[in-house]
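Positions are given from 1 along the sequence.
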Amino acid sequence: MQELYPPSHSQPDYDTGDRFKPRKRINDPLFLIFFIAQLLGFAALSGISISSWVSNGGLGGGLGKDGAKTGIPVVLNRSALYLLLLITAAAVLLSAIYLMLTRAFTKMIMHITLILTILLNIGICIYYWFTRYYSGAVIFTIIAILSVLSYFGFRDRIPLASLLLQVVFDVAKHHKNVYVVAFTSLLLQAALAVWYLFTVIATYSKWTPGSPSCLSSSCSSSKVAGLVFFETFSFLWTSQVIGNVALATLAGGPFGAWYYFGPRDMGQMPEYVTLSSFWRVSTMSLGSIAFGSLIVTVLEMIRLILNLAQNNANMDGHPVEACLACCAACFVGCIEGLVEYFNRYAYIEIALYGKPYIEAAKDTWHLFRDRGIDALVNDSLVGMTLTWGGYAIGLMSSLFAYLYLRFTAPTFNANGQYTAPMLLYAFLIGLQCSLTLSSAIEAGVSTIFVGLGEDPQVLELRAPALFGLIAMHYPRVVSGVPHH
């Protein structure tokens with residue numbers, strides 16, 4: 001497979017300025033302290049609830065049909081944990097295969113995912129009208145119309161977006177640490193997800209009135225709800241931080257170093273660039289990463305509360321309240337997506353310069369304003385392609401879980417009561433695994449856009465074909481951003 005950028009020893013050196021030279025201070029320390037405190041609180045709560053759950057027979061059994069011989073019937077046991085581990089392993093393998101297929105057939109897969117996105121929006125729209133879920137039907141009708149109208153504009157951008165994606169794949173090929181960071185983040189995310197699941201189960205078991213583990217009068221449904229709310233908040237925030245630390249590590253490591261120092265063969269790239277980037281991000285800049293992640297987490301929690309209010313209103317027969325809650329949840333979800341997208345570029349500024357979050361956010365807005373959002377549509381196309389791969393991996397992981405439950409018939413699922421939750425959780429694990437791996441590639445795409453916006457002439461040295469296409473379609477982008 002021909003590479004899209006030829007390493008050359010004749011390329012001139014480039015002054016990196018203040019990049020890769022972070023200030024020797026801890027940024028946003030209050031958010032760093034808050035993050036560590038909530039993580040320690042989650043660990044303490046998890047230890048108390050799980051130890052009580054295990055002592056009352058919460059774990060037992062093993063792998064397959066004959067594995068689950070012990071354990072109380074109202075909770076999952078050890079064979080469920082083995083199933084989750086098998087699902088995670090399958091999701092990792094399927095995610096790696098999808099990335100290889102995407103590199104080999106980039107344009108084809110981008111066309112397919114674009115068409116699938118339009119069909120999905122139309123399908124959801126038709127389903128909501130058919131089931132008389134009018135609030136959701138109106139919203140998805142608008143989305144479906146917009147997706148159809150924008151199809152031809154997106155289609156014309158596929159050649160540039162596919163070339164951009166292929167360049168990033170080629171950079172990752174020469175920097176294996178890209179996949180090391182991605183897999184490490186993936187394993188941490190998967191472990192955190194399993195830890196969260198068993199903590200929530202143990203919390204229900206210990207503090208739900210009438211449960212065998214409830215040995216005091218302090219048990220109540222409101223206490224369970226409050227503890228699960230905190231556990232969910234902690235899980236979402238910690239998960240956000242793990243993913244964003246990986247993003248910043250890659251931006252300030254292999255991808256940023258490739259853009260500003262050139263390929264490793266040129267001899268200008270510093271040694272241990274990924275490790276040094278991780279050290280900067282996980283110490284001096286961890287508070288800034290936690291700050292940005294907290295904003296997204298709060299929005300996500302608000303959206304979850306609104307979805308719960310919508311479901312309650314539907315159950316109580318209040319369609320007006322349900323419609324209002326649905327619209328509010330959709331609005332918050334849109335804001336959450338925009339903030340998450342914006343934060344990705346802010347984290348790259350943090351990784352390259354060591355800036356605090358507020359300063360990085362201001363500079364990111366300055367970059368967007370001067371470059372124009374239009375060119376970033378190609379970044380969105382890359383994200384759309386990788387996100388669809390995540391959904392496909394999630395569906396295949398659910399199929400794997402179903403086949404396991406169908407043919408091994410573990411005791412904990414003797415009546416099929418856990419089939420639906422396990423399939424849902426398998427889908428989420430598969431989706432999370434795929435998106436975590438693909439986020440490594442998205443980090444490279446976004447880093448190139450930041451470098452392109454600040455110093456476009458460097459890309460002309462690194463990837464002339466890509467620079468030529470961008471100059472043809474977006475001459476404003478390659479003109480350079482005035483530095484302040």
Side-chain angles (χ1 to χ4, degrees), residues 46 50 53 58-68 71 73-99 101-102 113 116 120 123-124 182-205 228 231-232 235-236 238-240 242-243 300 304 307 386-439:
S46 176
I50 290 180
W53 178 54
L59 281 177
L63 184 65
K65 182 183 298 186
D66 300 323
V74 295
V75 294
L76 302 180
N77 56 26
R78 192 177 295 127
S79 66
L81 177 59
Y82 290 145
L83 173 56
L84 295 176
L85 294 177
L86 289 174
I87 292 170
T88 302
V92 170
L93 178 61
L94 291 170
S95 301
I97 293 173
Y98 179 76
L99 288 181
L101 291 174
T102 302
T113 53
L116 285 176
L120 176 65
I124 295 176
F183 271 102
T184 302
S185 174
L186 169 62
L187 293 175
L188 290 175
Q189 295 267 18
L192 178 66
V194 174
W195 185 18
Y196 165 74
L197 174 66
F198 278 82
T199 299
V200 169
I201 292 172
T203 300
Y204 273 103
S205 177
V228 171
E231 290 164 357
T232 303
F235 165 69
L236 293 175
T238 306
S239 180
Q240 282 276 336
I242 292 173
E300 194 166 357
L304 290 175
N307 286 333
L386 298 176
T387 299
W388 263 106
Y391 285 120
I393 300 305
L395 291 174
M396 286 188 280
S397 299
S398 294
L399 176 61
F400 177 83
Y402 172 77
L403 294 175
Y404 177 92
L405 294 172
R406 175 70 174 79
F407 291 106
T408 64
T411 305
F412 78 87
N413 195 46
N415 298 319
Q417 67 270 32
Y418 288 114
T419 297
M422 292 301 289
L423 293 184
L424 175 61
Y425 200 73
F427 173 81
L428 294 176
I429 288 180
L431 177 65
Q432 185 67 43
C433 288
S434 180
L435 294 182
T436 301
L437 282 180
S438 62
S439 67

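Listed by chain and number, the residues in a side-chain contact (heavy atoms from CB on, under 4.5 Å) with L101 are I97, F105, I109 (sequence neighbours excluded). With sequence neighbours excluded, the residues that form a side-chain contact (heavy atoms from CB on, under 4.5 Å) with L116 are I112, W388. Annotation: side-chain contact (heavy atoms from CB on, under 4.5 Å) contacts of T238 (sequence neighbours excluded): F35, Q38, L39, L192, S234, I242. The ring pair (Phe, Tyr, Trp, His ring centres under 6.0 Å) search around Y196 returns F235, not counting sequence neighbours. For T203, the side-chain hydrogen bond (donor to acceptor under 3.5 Å, both in side chains) test picks out E231, with sequence neighbours left out. Applying the side-chain contact (heavy atoms from CB on, under 4.5 Å) test to L304 and every residue at least two apart in sequence or in another chain returns T232, L236, M301.
Nearest heavy-atom pair across G430 and A91 is CA-CB, 3.7 Å. Taking both residues in full, the closest heavy atoms of G390 and S434 are given as CA-OG, 3.3 Å, listed atom of the first, atom of the second, then distance. The shortest heavy-atom contact between I201 and W53 is CG2-CZ2, 3.9 Å.
Atom-to-atom distance recorded for L423:CG and S398:OG is 5.5 Å, nearest 0.5 angstrom. Within the model, atoms CG of L395 and CG of L94 stand 11.5 Å from one another, a figure rounded to the nearest 0.5 Å. Remark: L188 CG to T184 OG1 distance equals 7.0 Å, nearest 0.5 Å. The distance from the CG atom of L86 to the CZ atom of F400 is 5.0 Å, given to the nearest 0.5 Å.
Between F427 and S397, the closest side-chain pair of non-hydrogen atoms is not below 4.5 Å. You'll find the side chain of T102 reaches within 4.5 Å of the side chain of Y98, heavy atoms only.
Heavy-atom neighbours of Y204 OH from other residues, nucleotides or ligands within 6.0 Å: at or below the threshold of 12.
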